[in-house]
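Presented below is the structure to which this report refers.
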Amino acid sequence: MVEKKEEKMILSHEPVPGYRRIFHIIVIIAVIYLGIIFLKAFL
Amino acid sequence: MSNLIPLPAIFIIGALFIPFWGGRLKSAYMLALPVLAFITLVSMPEGKYWIVNILEYDLIFGRVDKLSMVFGYIFTIITFIGVLFTLKVADDMQRMAAFMYAGGALGVTFAGDFLTLYLFWELLAISSTFLILARRTKASQAAAFRYILVHVFGGLCLLAGIVFYIHNSGTAEFGYIGLNGAASYLIFIGIALNAAIPPLHPWLQDAYPEATVTGAVFLSALTTKSAVYVMARTFPGAELLIWMGAFMTIMPIFYAVLENDIRRVLAYSLINQVGFMMVGIGIGTQLAINGTVSHAFCHILYKALLFMSTGSVLFMTGKIRCTDLGGIYKTMPLTCLFCMIGAASISAFPLFSGFVSKSMIISAAAHGKLAVIWLTLQFASAGVFHHAGIKVPFFTFFSEDSGIRAKEPPLNMLLAMGITAFLCIAIGIYPGPLYSILPYPVDYVPYTGAHVIGQLQLLMFGALAFCLLILSGYYPAEMRAINLDTDWFYRKGGRLFYHAMDRIFNGLNSVSDRILAGALASYLGRVSKEGPVRVALLFLAPVWVLVGIKGEKLAQKRLNIEKAIDTGTSPIGISAAVATIFLIVIFLLM
């Protein structure tokens with residue numbers, strides 16, 4: 001009897017502990033950095 | 001020059017003889033066709049050849065100038081590479097369709113009038129449909145059906161525009177027309193559909209991933225780039241294209257990130273890249289047009305390389321979804337390497353082809369002081385690195401080990417990918433030869449310190465974003481599903497429309513049937529049968545009552561009248577009386 005292999009329906013990406021905090025910090029820094037650049041460019 | 005064989009004919013007529021060859025001779029014959037086309041191409045000086053007069057119109061099959069030559073070169077090169085890639089695929093239908101398709105693309109490129117253009121435009125649509133059908137799956141048949149329907153619609157728009165244009169202008173010459181009036185907008189819609197400009201784009205990510213492994217290579221190279229060429233010739237400087245192109249660079253990024261099918265990711269990235277070209281055509285300066293043409297040239301190569309490498313994975317494993325793949329680099333290292341070269345090229349890494357072409361368009365936006373467009377293109381550059389530069393090789397060859405241990409594809413496939421990869425790097429390192437064949441003189445220098453550092457910053461931050469999104473778990477999961485965008489309107493909306501129309505019109509039909517064919521017909525039948533009896537009794541019954549006929553005798557009289565009228569044997573007196581009454585009524589009415 002041939003056993004039918006179940007196909008993976010979803011490829012989820014589980015968070016690695018600690019990286020969510022790093023992600024948020026970097027997003028905040030990036031937003032501030034871009035904000036300063038835009039302010040300097042357009043004001 | 002007219003003694004030479006017309007370029008499209010080399011492929012179109014050549015395709016007809018493919019089934020008559022066998023074994024290695026067939027391979028040699030198929031490889032010889034693009035070589036012959038290339039030799040013909042380099043022998044053609046600028047001018048107009050192969051002019052045929054039909055119905056007072058000059059059909060020009062060979063209008064050669066710098067713009068058409070660049071596209072002629074790349075279409076011929078990619079045909080050679082595609083044929084080399086397809087040598088081990090024993091399917092003459094695919095091979096013939098591929099050559100017809102390439103012949104159509106060359107026909108469009110060298111057409112000197114709109115009627116010839118339309119002829120080859122339709123050949124492109126029909127022949128490419130066979131490359132989708134050739135996969136012979138239910139999904140590919142459905143996709144091919146949708147594909148040809150959409151392209152027939154686009155072709156009809158183009159034809160209507162051409163007819164109006166010839167009627168209004170009195171010329172069929174294929175050249176600059178600009179966006180002014182109904183004719184030009186119809187032509188624009190026809191071309192925009194083939195260029196996959198949103199919202200006319202969903203046929204691309206619907207059909208290309210369903211095509212055969214080799215078919216996708218040809219498809220990625222010819223249809224949209226033919227449209228880019230036609231757009232560059234007819235609508236350079238159309239401002240609308242700048243905004244449409246900019247939107248086109250952004251919109252597919254989000255869909256590509258969600259996609260599970262690797263070839264659908266590539267299809268979205270194709271739309272993104274054509275968006276850059278549309279922006280260049282819209283800007284319309286010499287730098288922008290040069291950028292568009294060189295980007296089309298490079299894009300055909302690296303996109304074909306990406307479709308070949310992912311196609312090789314599909315060919316060897318039978319799988320193409322992120323959920324099924326991963327860890328294949330262990331057994332397919334060369335294919336993985338070629339895929340990464342294609343990914344680096346599309347991401348515009350310094351020393352790869354995309355860097356020397358895409359930057360021309362972005363610089364043209366900067367020179368034109370189009371700040372919003374410049375920022376949009378930068379964002380789109382980061383986006384394309386994110387999905388085509390990282391996602392495609394990462395989820396195909398690395399990521400979680402799927403346990404698949406497939407071998408490298410056959411030698412001809414590796415060779416085709418190797419040649420393409422070499423060209424991607426060669427153009428990136430030494431863009432001089434490419435710049436020398438562009439339509440306008442080039443004084444653009446891609447390798448400046450600011451440009452290289454700026455691009456590397458963009459790419460490194462893009463890579464950082466990808467890593468952080470994956471590690472933090474914010475990266476959207478790939479799911480075994482079909483994501484719809486504007487194709488919702490004809491895949492779901494079309495079905496809803498069909499059901500709504502079915503309910504409304506078939507409901508009306510049913511009600512009409514019941515009223516007209518059922519109740520009304522039955523009523524009229526009864527009236528025609530009983531009417532004369534009732535009319536006769538209406539006048540006779542009061543007379544009988546007045547003369548004293550009652551009870552059973554009256555009932556018998558009624559029955560006699562009914563029987564007499566039913567059998568058509570009423571007494572002459574009664575018939576005369578009825579006729580007299582009828583005449584009196586008619587007289588009164590008049």
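Throughout, protein chains are lettered first and strands after them, A, B, ... in sequence-line order, and every chain is numbered starting at 1. Quick caveat: nothing in here was measured; it's all calculated off a predicted structure.
Within a 6.0 Å sphere centred on CZ of F379(B), other residues, nucleotides and ligands contribute 12 heavy atoms or fewer. The number of heavy-atom neighbours closer than 6.0 Å to CE of M316(B), taken from other residues, nucleotides and ligands shown, is above 12. Counting non-hydrogen atoms of other residues, nucleotides and ligands closer than 6.0 Å to CD of E400(B) gives a total of 12 or fewer.
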Would I22(A) and L468(B) count as a side-chain contact (heavy atoms from CB on, under 4.5 Å) if you check the C-alpha gap in whole Å, the side-chain angles of each, and the deciding distance to 0.1 Å? CA-CA 8 Å; I22(A) 295 171; L468(B) 283 175; 3.9 Å; yes
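Heavy atoms only, all atoms of each residue included: S472(B) and Y19(A) are closest at CB-O, 3.9 Å. Nearest approach of S12(A) to A477(B), heavy atoms of both residues: CA-CB, 3.7 Å. Heavy atoms only, all atoms of each residue included: L11(A) and C322(B) are closest at CD2-O, 3.7 Å.
Residues V27(A) and Y474(B) form no side-chain contact, since every pair of their non-hydrogen atoms from C-beta on lies 4.5 Å or further apart.
If you measure heavy-atom distances from L375(B) to chain A, the contacts under 4.5 Å come from the side chain alone. The contact between F395(B) and chain A is made entirely by side chain atoms (from C-beta outward), counting heavy-atom distances below 4.5 Å.
Put simply, CD on E478(B) and CD1 on I10(A) are 9.0 Å apart, with the number rounded to the nearest 0.5 Å.
Under the 30°/60° scheme for interplanar angles, the aromatic rings of Y475(B) and H13(A) are found to stand perpendicular.
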